[in-house]
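This report concerns only the one structure given below.
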Amino acid sequence: MNLITIILTGFALAMDAFAVSVTKGMTLKNLTKKMAIKIALFFGVFQAAMPLIGWILGISFEGYIKSIDHWVALILLSILGGKMIHEFYENRKEAKDSNKEAVSEVSTTLDKEYNAKDESLSNKELTSLAIATSIDALAVGISFAFLNVNIVSSSLIIGVITFVVCFIGVIAGKKIGGLFKDYAELVGGVILILIGINIFNEHTGFITNIIHSIF
């Protein structure tokens, strides 16, 4: 496998992480360069580690991993996306149940709490997102075990590409998020769920088969 093929593989593997990075950029209220780097670093590190882990596991676990990777991605992304949508509607409900003055005070408090949460960028959430979007890289790593590939340099290349792509995605998401304003959290949650469904469909063809059967 030549360098160009590995680079193209890196970009292909980074696409799901890029989409999630855009979503994070949309939903973070006080995005800083440091926060964007942290998000990109999580995705980059996991995307680099997964091929190495897959390479170590080898052919004996290939069938098992391929049989559940799409389920893991679908479940993780759906849970995180559903949580974002739920929080969006809960916040709107609280605002409607309060009078104008209370809404102002509550909004200020919520913004402070939400921004503090944004600034901390929950490592647990980022880890879940990074795992969900890098499982495909695990399967790729298994295939690397049977090819003439330098797994260390290949993993590093994939990780660096993912880091750069995701950093750009977070910044782009911030600019897009301004267009959605208060609906950014809802849109972000829907996008995460759609990414999970897309990964699931790519592996099973379930939705595609239903569409073909209808039309």
Side-chain angles (χ1 to χ4, degrees), residues 6-28 31 35-55 57 61-62 64-85 118 121-144 154-174 176-177 184-185 187-204 206-207:
I6 293 172
I7 290 174
L8 291 175
T9 300
F11 276 106
L13 291 174
M15 288 302 98
D16 287 331
F18 169 76
V20 175
S21 297
V22 172
T23 301
K24 292 301 294 181
M26 288 170 55
T27 55
L28 290 172
L31 181 66
M35 293 160 69
I37 290 174
K38 180 178 180 179
I39 294 170
L41 190 60
F42 262 82
F43 287 120
V45 168
F46 274 85
Q47 203 75 263
M50 285 297 189
L52 183 59
I53 294 172
W55 184 82
L57 290 175
F61 293 96
E62 181 178 12
Y64 177 73
I65 293 170
K66 284 187 175 180
S67 67
I68 65 170
D69 58 357
H70 50 287
W71 281 106
V72 173
L74 175 64
I75 292 171
L76 283 175
L77 291 174
S78 294
I79 290 174
L80 292 168
K83 179 174 176 288
M84 290 174 66
I85 294 172
D118 287 342
L121 279 179
S122 169
N123 291 340
K124 183 179 179 180
E125 180 183 0
L126 286 177
T127 299
S128 297
L129 290 171
I131 291 174
T133 56
S134 64
I135 292 178
D136 280 348
L138 186 66
V140 169
I142 291 174
S143 67
F144 280 177
S154 297
S155 295
L156 286 174
I157 290 171
I158 291 171
V160 170
I161 289 174
T162 301
F163 173 83
V164 174
V165 167
C166 289
F167 180 80
I168 294 172
V170 175
I171 302 302
K174 181 62 177 179
I176 295 173
E185 194 169 24
V187 174
V190 172
I191 290 175
L192 287 186
I193 293 174
L194 290 177
I195 292 171
I197 292 174
N198 181 61
I199 293 173
F200 182 80
N201 183 58
E202 285 178 348
H203 284 76
T204 65
F206 180 74
I207 298 174

Just so I know, are the side chains of [X] and [Y] near enough to count as touching, which here means a heavy-atom distance under 4.5 Å?
X    : Y    : answer
K174 : V170 : no
T162 : T133 : no
L28  : I39  : yes
M15  : V165 : yes

Could you tell me the separation between the [atom1] atom of [X] and the [atom2] atom of [Y], rounded to the nearest 0.5 Å?
X    : Y    : atom1 : atom2 : result
L194 : S78  : CG    : OG    : 9.5 Å
L138 : F46  : CG    : CZ    : 12.0 Å
L126 : I131 : CG    : CD1   : 11.0 Å
L57  : M50  : CG    : CE    : 10.0 Å
I158 : S134 : CD1   : OG    : 11.0 Å
K24  : F42  : NZ    : CZ    : 11.0 Å

Closest non-hydrogen atom pair between [X] and [Y], with its separation:
X    : Y   : result
A14  : Q47 : CA-NE2, 4.1 Å
S154 : I6  : OG-CD1, 3.2 Å
C166 : A17 : SG-CB, 3.5 Å

Under the side-chain contact (heavy atoms from CB on, under 4.5 Å) rule, collect the residues that match up with [X], sequence neighbours excluded.
X    : value
V22  : F18, M26, I176
F163 : I37, A40, L41
I7   : L3, F11, I157, I161

task = For L129 and T23, run side-chain contact (heavy atoms from CB on, under 4.5 Å): C-alpha distance rounded to whole Å, both residues' side-chain angles, the deciding distance at 0.1 Å, then the answer.
result = CA-CA 11 Å; L129 290 171; T23 301; over 6 Å; no
